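Side chains are part of it too, since the values below use all heavy atoms of this structure and drop only hydrogens, waters and symmetry mates. Here the structure is a predicted model, which means the values were calculated and not measured. Chain naming here is simple, since letters A, B, ... match the order of the sequence lines and numbering starts at 1 in each.
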Number of protein chains: 2
Amino acid sequence: MSAPTQNSNERLLTPGEVAALFRVDPKTVTRWASAGRIGSIRTPGGHRRFRESEVRGMLADLTSEATIGAQRH
Amino acid sequence: MSAPTQNSNERLLTPGEVAALFRVDPKTVTRWASAGRIGSIRTPGGHRRFRESEVRGMLADLTSEATIGAQRH
DNA sequence: TTACAATAGGGTAATTTGGGGA
DNA sequence: AGTGTCCAAATTACCCTATTGT
């Protein structure tokens, strides 16, 4: 079965938790969702939740390691 | 084995904060990241974040004190 | 139901980005 | 080679009040 959209057994993160991972303001995470840069799920009350796997994946993709090992001039 | 991208529970610093620690212009920190001298994490919007542990490590490395002379104060 | 922290909105500063040039 | 500065555009942070989550 191909399940592009993960089933329910997926941990959800709050805007505040996602914001902490990226070191941004929770409002910024909301803006990402509105802009379609990140998938979001709305609670019946209108609050947003984010898939942890998607967030972790984005974080990994956007991470760059240093390619030069502490050089000394 | 692979733990290249250290997951969360890692404090991140903004370009301005790193610049303040090194007493350089934020743009200079950006150049370090572009040159691969320091690892970086981009927000979906393109802004950079830096690992505090890596920054502290760099600070410690380039902190060299006089090895001879200047005894006393 | 009450109390309180977090979030959703909208507006307005502050920061960051990228390029070019000193 | 490495930094600091100027610029315009984009992104993010902080302000507020009302609503939602626990």
Side-chain angles (χ1 to χ4, degrees), chain A residues 3-73, chain B residues 2-70:
Chain A
T5 49
Q6 185 87 4
N7 275 336
S8 342
N9 57 6
E10 164 71 78
R11 193 146 87 96
L12 298 179
L13 301 177
T14 65
E17 290 170 334
V18 178
L21 291 176
F22 283 92
R23 222 313 204 152
V24 294
D25 193 271
K27 288 299 193 54
T28 299
V29 179
T30 293
R31 234 177 282 111
W32 294 343
S34 298
R37 294 207 241 232
I38 182 175
S40 64
I41 300 173
R42 308 287 289 237
T43 68
H47 286 199
R48 295 183 180 84
R49 296 287 116 96
F50 305 90
R51 299 180 190 284
E52 183 180 33
S53 61
E54 182 180 359
V55 174
R56 297 285 184 187
M58 292 177 60
L59 202 50
D61 288 344
L62 296 169
T63 297
S64 302
E65 301 295 332
T67 59
I68 307 179
Q71 296 219 331
R72 194 176 281 281
H73 52 44
Chain B
S2 55
T5 52
Q6 177 95 10
N7 253 348
S8 65
N9 52 45
E10 167 73 74
R11 288 204 298 177
L12 300 179
L13 300 176
T14 64
E17 290 170 339
V18 177
L21 289 174
F22 282 91
R23 297 295 303 268
V24 295
D25 194 273
K27 184 116 185 186
T28 297
V29 179
T30 293
R31 291 200 188 95
W32 294 344
S34 298
R37 292 172 159 278
I38 182 176
S40 65
I41 298 174
R42 308 284 286 235
T43 68
H47 285 204
R48 295 184 183 85
R49 298 283 115 101
F50 305 91
R51 294 197 187 85
E52 183 180 35
S53 61
E54 185 177 357
V55 173
R56 297 289 182 189
M58 294 177 65
L59 274 173
D61 284 349
L62 56 76
T63 297
S64 57
E65 303 182 10
T67 54
I68 59 176

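A:Thr28 has no side-chain polar atom (N or O) that falls below the 4.0 Å cut-off from OP1 or OP2 of D:dT11. An OP1 or OP2 oxygen of C:dA6 is reached within less than 4.0 angstrom by no side-chain nitrogen or oxygen of A:Thr14.
Contacts classified as ring-ring contact (aromatic ring centres under 6.0 Å, His included) and involving residues 13-36 of chain A (residues at least two apart or in different chains) are given here: A:Phe22-A:Trp32. Among residues at least two apart or in separate chains, salt bridge (charged side-chain N to carboxylate O under 4.0 Å, His left out) pairs with a member in residues 12-24 of chain A are A:Arg23-B:Glu17. A ring-ring contact (aromatic ring centres under 6.0 Å, His included) check over residues 42-61 of chain A, counting only residues at least two apart or in different chains, returns nothing. The salt bridge (charged side-chain N to carboxylate O under 4.0 Å, His left out) pairs that include a residue from residues 36-46 of chain A number zero, where partners must be two or more places apart or lie in different chains.
Remark: A:Asp25 pairs with A:Lys27, A:Thr28 by the side chain to side chain contact (heavy atoms under 4.5 Å, CB included) rule, at least two apart or across chains. A search for side chain to side chain donor-acceptor pair (under 3.5 Å) contacts involving B:Ser53 returns B:Glu10, not counting sequence neighbours. In this structure B:Glu52 satisfies the side chain to side chain donor-acceptor pair (under 3.5 Å) test together with B:Arg11, B:Arg56, sequence neighbours excluded.
Taking CG from A:Leu12 and CD1 from A:Ile41, the interatomic distance works out to 5.0 Å, rounded to the nearest 0.5 Å. Interatomic distance, CD1 of A:Ile38 versus CZ of A:Arg31, reported as 13.5 Å (0.5 Å rounding).
At whole-Å resolution of the value, CG in A:Leu62 and P in D:dT11 are 14 Å apart. Rounded to a whole Å, the CZ atom of A:Arg42 is 7 Å from the P atom of C:dA8. Going from atom CH2 of A:Trp32 over to atom P of D:dT11 covers 12 Å, rounded to whole Å. Rounded to an integer number of Å, the gap from CZ of A:Phe50 to P of C:dA6 is 16 Å.
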Going through the checks in order, is the side chain to side chain contact (heavy atoms under 4.5 Å, CB included) test met by A:Leu21 and A:Met58?
CA-CA 11 Å; A:Leu21 291 176; A:Met58 292 177 60; over 6 Å; no

Derivation of the side chain to side chain contact (heavy atoms under 4.5 Å, CB included) call for B:Arg48 and B:Ser34
CA-CA 10 Å; B:Arg48 295 184 183 85; B:Ser34 298; 3.6 Å; yes

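The shortest non-hydrogen separation linking A:Gly16 to A:Pro26 is CA-CG, 4.3 Å.
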Determine, for nucleotides 16-22 of chain D in 5'-to-3' order, which nucleotides have protein heavy atoms under 4.0 Å from the base (write B), from only the sugar-phosphate (write S), or from neither (write -).
----BS-

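Taking the nucleotide of DNA chain C with the nearest heavy atom to each of B:Arg48 and A:Arg48, the more 5' of the two is matched to A:Arg48.
Among the heavy atoms of the strands lying under 4.0 Å from A:Arg31 is at least one base atom, whether or not backbone atoms are also near.
Looking at heavy atoms from C-beta onward, A:Leu13 lies out of side-chain contact with A:Arg49 at the 4.5 angstrom threshold.
A heavy atom lying under 4.0 Å from DNA chain C marks the following residues of residues 15-25 of chain B, by number: B:Pro15, B:Gly16. Within residues 34-41 of chain A, the residues approached by DNA chain D to less than 4.0 Å at the level of any non-hydrogen atom are A:Arg37, in residue-number order.
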Nucleotide pairing, DNA chain C (Watson-Crick or G-U, distances under 3.5 Å), in dot-bracket with [ ] and |
..|||||||||||||||||..|

